[in-house]
Number of protein chains: 2
Amino acid sequence: MSVTIEDIAKEAQVSVATVSRVINNSKAVSPELKKRVNDVIQKRNFKPNSLARGLITNQTNIIGIIVPDISNPVFGALTRGINSFCQQKGYTLMVCESGGQQEKEVELLGVLADKKVDGVLFAGVDVNSALVGEMKRQGYPIVLVTQEASEGEDIIHTVTHDNVKAVYDAVSFLIENGHQKIAFIGGPENDYSSGQKRLKGYRLALKEHNIEVPVSYIEHGNFSFDSGYDCMRKIYEENSALPTAVMACNDVMAIGAIRFLKTAKVSVPADISIMGFDDLEFGKYFSPELTTVRISYFDEGLKAIKTLFKLIHHNQQAIPKTQFVPHKIIRRISVRKI
Amino acid sequence: MSVTIEDIAKEAQVSVATVSRVINNSKAVSPELKKRVNDVIQKRNFKPNSLARGLITNQTNIIGIIVPDISNPVFGALTRGINSFCQQKGYTLMVCESGGQQEKEVELLGVLADKKVDGVLFAGVDVNSALVGEMKRQGYPIVLVTQEASEGEDIIHTVTHDNVKAVYDAVSFLIENGHQKIAFIGGPENDYSSGQKRLKGYRLALKEHNIEVPVSYIEHGNFSFDSGYDCMRKIYEENSALPTAVMACNDVMAIGAIRFLKTAKVSVPADISIMGFDDLEFGKYFSPELTTVRISYFDEGLKAIKTLFKLIHHNQQAIPKTQFVPHKIIRRISVRKI
DNA sequence: TTGTAGGCGTTATCAG
DNA sequence: CTGATAACGCCTACAA
């Protein structure tokens, strides 16, 4: 058994209440008693039991986070951003993985409630009404990161990046560089933020420049290398008029696409330019180095946790329902001017 | 306030003890009462407060893990392996990042004690006597993952891969493929497991084949792309007799090395073969695809958490102090036979 | 098989 | 400023 507040009180010859006060700095305690208590605490290496404490204060200093897959660099960076803030605030992070499965997500929402976390950060794929309902009935504040709710975007606080605008900017960049025949390798169609929204940004940019494109220019992958490869292959095979540029909706698919082109003896960027998305670290290790749109997932995590803290501490100032972290086009080699 | 065991008891017209019994299946309860209680629990969506429970049972079903950086794919995979097991056992994971700083590591060890975790998994860099001492004085079981303690390897249970043997095998593989002039790009010299041990494996293999190598063939990086690049540059510049192969101690440095060689117009693998270490996912996306030694960090995490569970539950069977996860040479393109 | 009551380690509310 | 003492929500002897 570890040492309790009572042991300290006894040894310092004061009441437990006094000990509690010096621990929490909650009320004035005479300097001499304070010193006496602190000395004993020091000596006995006393640490208050956070369970007992949580039981009564109703807060645990634990933040929960639900991500599809922690080994995915995107969520790794996100988590690191979150953690950096938590650590400095004396909070600790409970990480849960959903595998992207909705029922698992629901379950985890409950698990975190069990653990009495003070709040949770949720990074899912499709935040639909079922999920939103589940979130509402938990007792804790929650903020979405990385994607907005498909079921009405003003229901839950969310921190993400502007997917429409980001892809719009990326495609505009391609257009500015002389490209007109621009193909698109997107995410799953049921992925609200990273799928549908990015497609929307693509369409918007084309429309604005009165560019029309055959349907065979648009393919949907699942963000994996292989799917990028396959999508590129389809585009290649189904179009006699090849595109001069491809907007791939993440770096991994972009690299898969480049790989296919390499096997097809199509040179990047000489023949076809490729634009990625995310700006993962290894994008610049490749050759050709990947031109891409950078999303700082670290910053996104940071902003999300800050928002969650405001919610937790009932910060008065109005908190916008959805906040964006800026994106940025990173010019490297895989896109060229024509 | 959420619903308590007392509310349930009242509504089901039984005592709290009975409710507790059906929750925990701890003692026989007549079927009818059981049903009545369960119905109410269901209806009221009751979840026992894990703080209160932990306070008395002295266990939280929380496992702590300390890693240098969660956004590093190696620790991401490790964590995923750990989490996969925890989830199925109803445990939850608390992730802490140390940034590789020793004082932070010590602090985190304490934080996790505060949180009353049932055990912790520790992935550090240099587990020296100070750290070991700190570990011993915490109340929880602990197992090292990824590297052994530099301060005596039989002090703390550890699950890792055999760094000496792995590099020994990799270098032997190079030798079998006709290479004799083999350079080495290693980790930091103060890194016990991933630095010193891998170097040892390299030396062992060379010695066994009576191969001597100039000191200028050996460089120490820090596992980053840039350091791989720099080390390769030094080797290139300081040796008129270039090596025909280089053993890089992780994939990222291997890729950095390849990048340098590309700028120096040295072809891989035609002129120089490169061997990596880790087998990160993106190693096979590169060209040339990386030949490397695969360590399954997922499996390593899994084995570590299983070991920790044995410790936690005082499993009788003897648990070996240090366990290895197998490694495997993955033949791809970056190494060729000469 | 069921219920009563004490206690886990803190904090918070009162008096003093 | 300090000290009893009642919660917090649950588990577990002990009794019935």
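Letters A, B, ... are given to chains in the order of the sequence lines, protein chains preceding strands, and every chain is numbered from 1.
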For atom CD of B:Gln59 and atom P of D:dC10, their distance in whole Å: 16 Å
Residue A:Ile5, side-chain atoms from C-beta onward, closest of D:dC10, C:dC14, C:dT11: C:dT11
For atom CG of B:Asn24 and atom P of D:dT12, their distance in whole Å: 7 Å
Nearest-Å distance for atom pair CD/P, residues B:Glu6 and C:dG3: 14 Å
Euclidean distance, atom NZ of residue B:Lys47 to atom C1' of D:dC10 [Å, nearest integer]: 17 Å
4.5 Å side-chain heavy-atom contact, A:Ile63 and A:Met94: no
Short N-O contact, B:Lys104 and B:Glu97, less than 4.0 angstrom: no
Out of D:dC11, D:dA4, D:dG9, whichever nucleotide has its closest atom nearest the side chain of B:Leu55: D:dG9
Whole angstrom value for the distance that separates P of D:dG9 from CG of B:Asp7: 9 Å
N/O (side chain, B:Ser20) to phosphate O (OP1/OP2, D:dC11) under 4.0 Å: yes
Protein-nucleotide distance (A:Arg21, atom CZ; C:dA12, atom C1'), rounded to Å: 9 Å
Closest listed nucleotide, where the reference is the side chain of A:Ser30 and the choices are C:dT2, D:dC1, C:dT10: D:dC1
Position toward the 5' end of DNA chain D (nearest nucleotide), B:Ala17 or B:Leu51: B:Leu51
Nucleotide C:dG9, atom P - distance to CG of A:Asn58 in whole Å: 20 Å
Nucleotide D:dC10, atom C1' - distance to CG of A:Asn49 in whole Å: 14 Å
Residues B:Ser150 and B:Asn128: side-chain donor-acceptor under 3.5 angstrom: no
Closest nucleotide among D:dT12, C:dG9, C:dA12 to the A:Ala52 side chain: C:dG9
Side-chain H-bond candidate by donor/acceptor type, A:Gln323 with A:Thr158, under 3.5 Å: no
Nearest-nucleotide pick for A:Thr4, side chain only, options being D:dC11, D:dA4, C:dG9: C:dG9
A:Asp7 side-chain N/O to A:Thr4 backbone N/O, donor-acceptor pair under 3.5 Å: yes
Centroid-centroid under 6.0 Å between B:Phe309 and B:Phe85 rings: yes
Of A:Val37, A:Asn45, A:Asp39, the residue whose pairing with A:Ile41 passes side chain to side chain contact (heavy atoms under 4.5 Å, CB included): A:Val37
Which nucleotide in D:dA4, C:dT11, D:dC10 has an atom nearest any side-chain atom of A:Ser15: D:dA4
Side chain of B:Leu33 (C-beta onward), nearest among C:dT2, D:dG3, C:dT11: C:dT2
Angle by which the axis turns from one end of the helix from C:dT1-D:dA16 to C:dG16-D:dC1 to the other, five pairs per end, to 10 degrees: 40°
